[in-house]
Every structure is written in structure tokens, then in C-alpha cells.
Novice: 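The structure that follows is given in the form of C-alpha cells.
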Amino acid sequence: MLSRKGIIPEEYMLTRLAEDPAEPRYRARERRARFVSKKGNCNVAHKNIREQGRFLQDVFTTLVDLKWPHTLLIFTMSFLCSWLLFAMVWWLIAFAHGDLATGEGSPVPCVTSIHSFSSAFLFSIEVQVTIGFGGRMVTEECPLAILILIVQNIVGLMINAIMLGCIFMKTAQAHRRAETLIFSKHAVIALRQGRLCFMLRVGDLRKSMIISATIHMQVVRKTTSPEGEVVPLHQVDIPMENGVGGNSIFLVAPLIIYHVIDANSPLYDLAPSDLHHHQDLEIIVILEGVVETTGITTQARTSYLADEILWGQRFVPIVAEEDGRYSVDYSKFGNTVKVPTPLYTAHQLDDDRSLLDALPLASARGPLRKRSVAVAKTKPKFSISPDALS
């Protein structure tokens with residue numbers, strides 16, 4: 001009836017009727033889940049933890065790891081509960097000694113000017129935070145009151161030390177410094193000195209340096225052992241190279257960190273056709289160092305999936321010499337340019353080096369470029385004719 005009214009074309013109705021409802025329908029494979037996000041967060045959910053008491057054995061770390069609303073709630077409740085607890089103790093002391101009854105023949109009270117629970121609560125706050133308004137004080141009449149005064153002072157100092165230390169550690173956490181350590185959005189694979197190299201760019205936006213900065217890289221992929229054991233997150237360390245050699249870097253200006261793809265590299269058989277979102281491949285980069293201003297060790301992380309690796313491109317220069325100093329243009333931090341690169345794996349290039357002969361050679365250029373002011377070519381106002389020279 002719908003096809004007669006022209007709402008749905010008749011060809012579509014016949015096609016839908018001709019389909020077999022029992023035939024399975026296939027969906028495109030979803031993108032591989034990240035192990036580490038681009039911002040450095042680990043994409044791991046811990047479930048079915050039965051031994052929850054282990055977290056209470058390290059209370060300070062548990063408090064630091066809590067979110068800010070929970071931390072502030074515990075911070076407030078710890079003081080309120082301690083004030084209320086000792087207020088009850090002071091009220092019981094006054095009640096047992098008969099200080100709550102007012103009269104001319106009443107004995108010397110243990111604590112002066114305590115007549116109700118409200119006054120006991122105010123005295124508890126004055127003792128713990130050492131305000132001392134002067135209206136209430138402990139007398140030498142009751143040794144127990146003197147003992148409670150000492151205990152409350154010690155408990156108050158412990159609460160202040162723990163909670164203020166927790167607040168300080170949360171505000172000075174190392175991952176805050178990592179917000180200004182940046183990585184390029186994409187990694188590239190291109191030729192460098194005749195070898196295929198995996199390259200990325202790293203930089204620091206602050207002027208304060210990262211001391212003893214080191215960089216590491218791991219390849220995470222799903223593998224199966226010869227015995228048939230499936231390892232869902234197999235981590236393989238691969239060496240990184242930089243301009244000064246080794247894993248230590250001097251991160252004053254952005255650096256291009258590269259890994260030479262050789263026979264010992266897990267990327268030895270990686271081809272350009274493998275760089276798609278279905279490929280089970282993730283490369284994790286970890287930058288670690290000591291913050292110069294605070295002395296706290298910080299760590300910045302990122303990862304690159306297969307479709308975030310660009311084959312046959314390299315990063316454009318962003319460091320220039322200007323007015324006697326070096327300037328960095330961060331607007332081009334992640335920009336890349338295409339370069340001649342063979343569409344073969346590193347394994348194939350090692351087997352047949354003649355595959356590199358067909359590539360054009362680019363002119364050698366230094367890593368630094370000078371910004372010079374262009375001089376306009378002006379047309380001369382006069383000319384010399386050949387006759388004048390004879």
C-alpha cells in the first residue's frame with residue numbers, strides 16, 4: 001500500500017522482500033581501543049577487586065587520589081567530627097563534676113563558663129584551633145580535664161598535618177606540570193640517513209626546564225605465543241634516538257625523537273597498507289623528568305594508533321635564528337610535509353637496497369633557518385646604452 005501511494009519506491013519494496021531475514025549482517029570493525037589516551041590517561045577499568053582493605057593501609061595516598069569534592073568533604077568532616085567528639089567529652093566532665101548547676105555554693109569548676117553543650121562545643125573549637133577568647137579555661141581542679149586538653153591538642157595537630165599535607169600534594173601533583181609537555185598529534189615514518197625511521201616531535205611550553213629528562217617508547221599489540229597463549233597487551237620496549245644520542249634529552253627547544261626501524265624493531269615488517277584503524281597496533285611514548293622549580297618527578301604520556309602514523313612525511317622546521325636568539329614557532333609544531341619515501345617495509349629494503357635508487361635525493365638543508373627581510377628589487381631609474389661605452 002505504501003508503494004502504491006508513492007511514499008516508498010516500488011523497487012525498494014521488492015528489494016527488501018527479496019532479502020533473506022536469516023542471513024547475518026556484518027558490521028564494520030570498530031576502532032581499536034586505546035591503552036593510553038592522547039592526554040596520557042590509562043584506559044584501564046579495574047573491576048571485581050575483593051581486597052578493598054588494601055587501600056586503607058595507605059590512607060594518605062588514598063586521600064590524595066580522591067577527587068576534589070570527596071577530599072574537601074573529608075577535610076571538613078574530620079574537623080567537625082573531632083570538635084563534636086571532644087565537645088561531648090568536655091560536657092561529660094562538666095556534668096560529672098557538677099559544673100552545669102549554677103549556684104552560690106557550687107565548687108570550683110573543671111572548665112569555667114561551661115553551662116551547656118553549646119558552650120562545651122565552643123570550648124572544644126577554642127582548644128583545637130588555639131583561638132583562646134579568654135572566657136573559658138581549664139582549672140587545676142580536675143587532672144582528667146588537663147589530660148583531655150593534652151590529648152585534644154595532639155589529635156588536632158595530627159589532623160592538621162594529614163589534611164593540609166593532602167591538600168598540598170593534590171595542588172602540587174606532578175601531572176599538572178605535564179600539561180605543558182606536548183607531543184605531536186601524528187607520528188611520521190620517513191627516510192633518515194638511508195634508513196626508515198619512526199619520528200615524533202616533543203616540546204615544553206614553559207621556560208623552566210625538565211631536569212634529567214628521559215624518553216621511552218613501547219609497542220603494545222595483541223600477540224599469541226607458540227604455545228597458544230593469547231597476550232592481549234604485549235608490551236615491547238624499543239630504543240629511541242635523538243640528536244645527542246641515548247634516551248636522555250635536553251628539552252630546551254622542541255626535538256624530533258626518532259627510532260631506526262631495523263631488524264630488532266617490532267616495526268620491521270610494518271607496511272604503508274597496515275596504517276589503518278583496524279590494525280592492532282599502538283605505540284606509547286613516555287617522557288619523564290624532574291621539575292626544576294619543585295623537584296618533583298613528572299611524567300607525560302601519549303600514544304599513536306596505526307591510523308595516526310603518517311607514511312612518507314616529515315616535520316617542518318619550527319626553530320629559527322632571529323635577532324641573535326633562537327625562536328620557536330609553535331603554530332607549526334605538528335605540521336608535516338610529504339617527502340619521497342619507498343612504499344616498502346624496512347625488511348624489504350634491507351633485502352633489496354636497490355629499491356632506494358629510484359628515489360629523488362633532496363638537497364641538504366640545515367635544521368635552523370634564518371629569517372631575512374626580503375629586499376624589493378627596484379627598477380633602475382636610468383640605463384647605460386652600448387653607444388656610451390664606445
Side-chain angles (χ1 to χ4, degrees), residues 33-91 117-118 120-133 148-183 204-206 208-213 284-303:
R34 286 184 177 274
F35 185 51
V36 176
S37 66
K38 297 294 288 185
K39 295 184 178 180
N41 300 322
C42 296
N43 188 22
V44 179
H46 300 278
K47 298 182 179 180
N48 301 326
I49 301 177
R50 298 181 180 180
E51 299 181 2
Q52 297 288 345
R54 292 182 176 270
F55 295 99
L56 298 179
Q57 296 178 3
D58 189 6
V59 181
F60 186 78
T61 304
T62 303
L63 292 176
V64 174
D65 290 340
L66 291 176
K67 295 182 179 180
W68 271 108
H70 299 157
T71 302
L72 295 178
L73 178 62
I74 295 175
F75 179 85
T76 305
M77 293 304 298
S78 61
F79 285 102
L80 287 177
C81 291
S82 63
W83 294 339
L84 289 172
L85 176 62
F86 283 99
M88 180 62 68
V89 174
W90 290 118
W91 184 84
F117 183 78
S118 298
F121 180 73
L122 291 176
F123 180 71
S124 175
I125 297 177
E126 293 175 11
V127 170
Q128 189 161 331
V129 300
T130 63
I131 295 178
F133 291 115
I148 296 300
L149 178 66
I150 297 173
V151 172
Q152 185 173 4
N153 283 325
I154 295 175
V155 172
L157 289 175
M158 293 179 62
I159 294 177
N160 289 335
I162 294 175
M163 298 310 302
L164 293 180
C166 176
I167 297 297
F168 172 76
M169 291 302 297
K170 285 187 69 67
T171 54
Q173 282 184 341
H175 66 83
R176 303 296 182 186
R177 179 62 176 87
E179 296 293 335
T180 53
L181 298 174
I182 58 176
F183 300 88
D204 187 5
L205 299 179
R206 289 187 180 272
S208 58
M209 294 177 53
I210 298 295
I211 304 173
S212 302
I284 300 174
V285 183
I286 302 172
L287 173 62
E288 187 174 1
V290 179
V291 182
E292 183 181 22
T293 54
T294 61
I296 301 176
T297 302
T298 184
Q299 187 181 90
R301 299 178 295 266
T302 190
S303 68

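For this chain, numbers begin at 1 and follow the sequence in order.
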Novice: With a 3.5 Å distance limit and no angle check, can you tell me whether E288 reaches the backbone of Q299 through a side-chain donor-acceptor pair?
Specialist: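 It does not hold such a pair.
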Novice: Nearest 0.5 Å, please: how far is OG1 in T130 from CD1 in I125?
Specialist: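 Result: 12.5 Å between the selected atoms.
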Novice: Which distance, rounded to the nearest 0.5 Å, do you find between the OG1 of T298 and the CD1 of I211?
Specialist: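 The distance works out to 12.5 Å.
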Novice: Do S82 and Q128 have side-chain N/O donor and acceptor atoms under 3.5 Å apart?
Specialist: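 Yes.
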Novice: Can you tell me if N160 uses its side chain to pair, donor with acceptor, with the backbone of G156 under 3.5 Å?
Specialist: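 Confirmed, N160 side chain pairs with G156 backbone.
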Novice: So do S303 and F35 actually touch side chain to side chain, heavy atoms under 4.5 Å?
Specialist: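 No - every pair of side-chain heavy atoms lies 4.5 Å or more apart.
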Novice: Quick check: closest heavy atoms across F60 and I162, and the distance to 0.1 Å?
Specialist: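 Distance-wise, the nearest heavy atoms are CE1-O, 4.0 Å.
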Novice: From I159 CD1 over to F75 CZ, what is the distance, rounded to the nearest 0.5 angstrom?
Specialist: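 Rounded to the nearest 0.5 Å, the CD1-CZ separation comes to 10.0 Å.
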Novice: Closest approach of W83 and F121, non-hydrogen atoms and distance?
Specialist: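 Closest pair (atom of W83, atom of F121, distance): CB-CE1, 3.8 Å.
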Novice: For residues N43 and S37, determine if any side-chain heavy atom of one lies less than 4.5 Å from a side-chain heavy atom of the other.
Specialist: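 They are not in side-chain contact.
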Novice: When you look at T71 and K67, which way does the side-chain contact (heavy atoms from CB on, under 4.5 Å) test go after all the steps?
Specialist: CA-CA 6 Å; T71 302; K67 295 182 179 180; over 6 Å; no
Novice: Kindly compute the distance separating CZ (R206) from CD (E292), expressed to the nearest 0.5 Å.
Specialist: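 It is 12.0 Å, given to the nearest 0.5 Å.
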Novice: Return yes if some donor-acceptor pair links the side-chain N/O of T76 with the main-chain N/O of L72 below 3.5 Å, else return no.
Specialist: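 Indeed, once roles are kept as given, a pair shorter than 3.5 Å links the two residues.
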Novice: Between D204 and R177, does any NZ, NE, NH1 or NH2 come within less than 4.0 Å of an OD or OE carboxylate oxygen?
Specialist: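 Result for this pair is yes, salt bridge flagged.
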Novice: Tell me whether K170 contacts the main-chain N or O of V64 through its side chain, where contact means a donor paired with an acceptor under 3.5 Å.
Specialist: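 Here the side-chain-to-backbone pair exists.
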Novice: Is there side-chain contact between V44 and H46, with at least one heavy-atom pair below 4.5 Å?
Specialist: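 In short, these two side chains touch, coming nearer than 4.5 Å.
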Novice: Could you pull out the closest heavy-atom pair between T297 and V290, with the gap in Å?
Specialist: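 Taking every non-hydrogen atom into account, OG1-CG2, 4.0 Å.
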Novice: Mind checking whether V36 and T302 have side chains closer than 4.5 Å, heavy atoms only?
Specialist: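 The answer is no; the side chains never approach within 4.5 Å.
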Novice: With a 4.5 Å cut-off on side-chain heavy atoms, are L157 and I154 touching?
Specialist: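 They are not in side-chain contact.
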Novice: Contact between F183 and L287 at the side-chain level, heavy atoms closer than 4.5 Å - yes or no?
Specialist: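 SC-SC contact between F183 and L287 confirmed.
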Novice: Got a second to check how far L84's CG is from F117's CZ, nearest 0.5 Å?
Specialist: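 Between L84 CG and F117 CZ, I get 5.5 Å after rounding to 0.5 Å.
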Novice: State, with a plain yes or no, whether a side-chain heavy atom of N153 is found less than 4.5 Å away from one of V127.
Specialist: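 N153 vs V127: side chains touch.
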Novice: Kindly give the heavy-atom pair with the smallest separation between L149 and W90, and that separation in Å.
Specialist: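 Here L149 and W90 meet closest at N-CH2, 3.8 Å.
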Novice: For the residue pair I148 and F86, establish whether any side-chain heavy-atom pair is separated by less than 4.5 Å.
Specialist: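 The answer is yes; the side chains approach within 4.5 Å.
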Novice: Would I74 and M163 count as a side-chain contact (heavy atoms from CB on, under 4.5 Å) here? Give the steps.
Specialist: CA-CA 9 Å; I74 295 175; M163 298 310 302; 4.2 Å; yes
Novice: Under 6.0 Å from the NZ atom of K38, do we count more than 12 heavy atoms belonging to anything else shown?
Specialist: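 Counting neighbours around NZ of K38, more than 12 heavy atoms of other residues, nucleotides or ligands fall under 6.0 Å, so yes.
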Novice: In Å and rounded to the nearest 0.5 Å, what is the CG to SG distance from L85 to C81?
Specialist: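 Atom-to-atom, L85:CG and C81:SG are 8.5 Å apart.
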Novice: Answer yes if the side chains of S124 and Q152 hold a donor-acceptor pair under 3.5 Å, and no otherwise.
Specialist: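 Yes, side-chain donor-acceptor contact under 3.5 Å.
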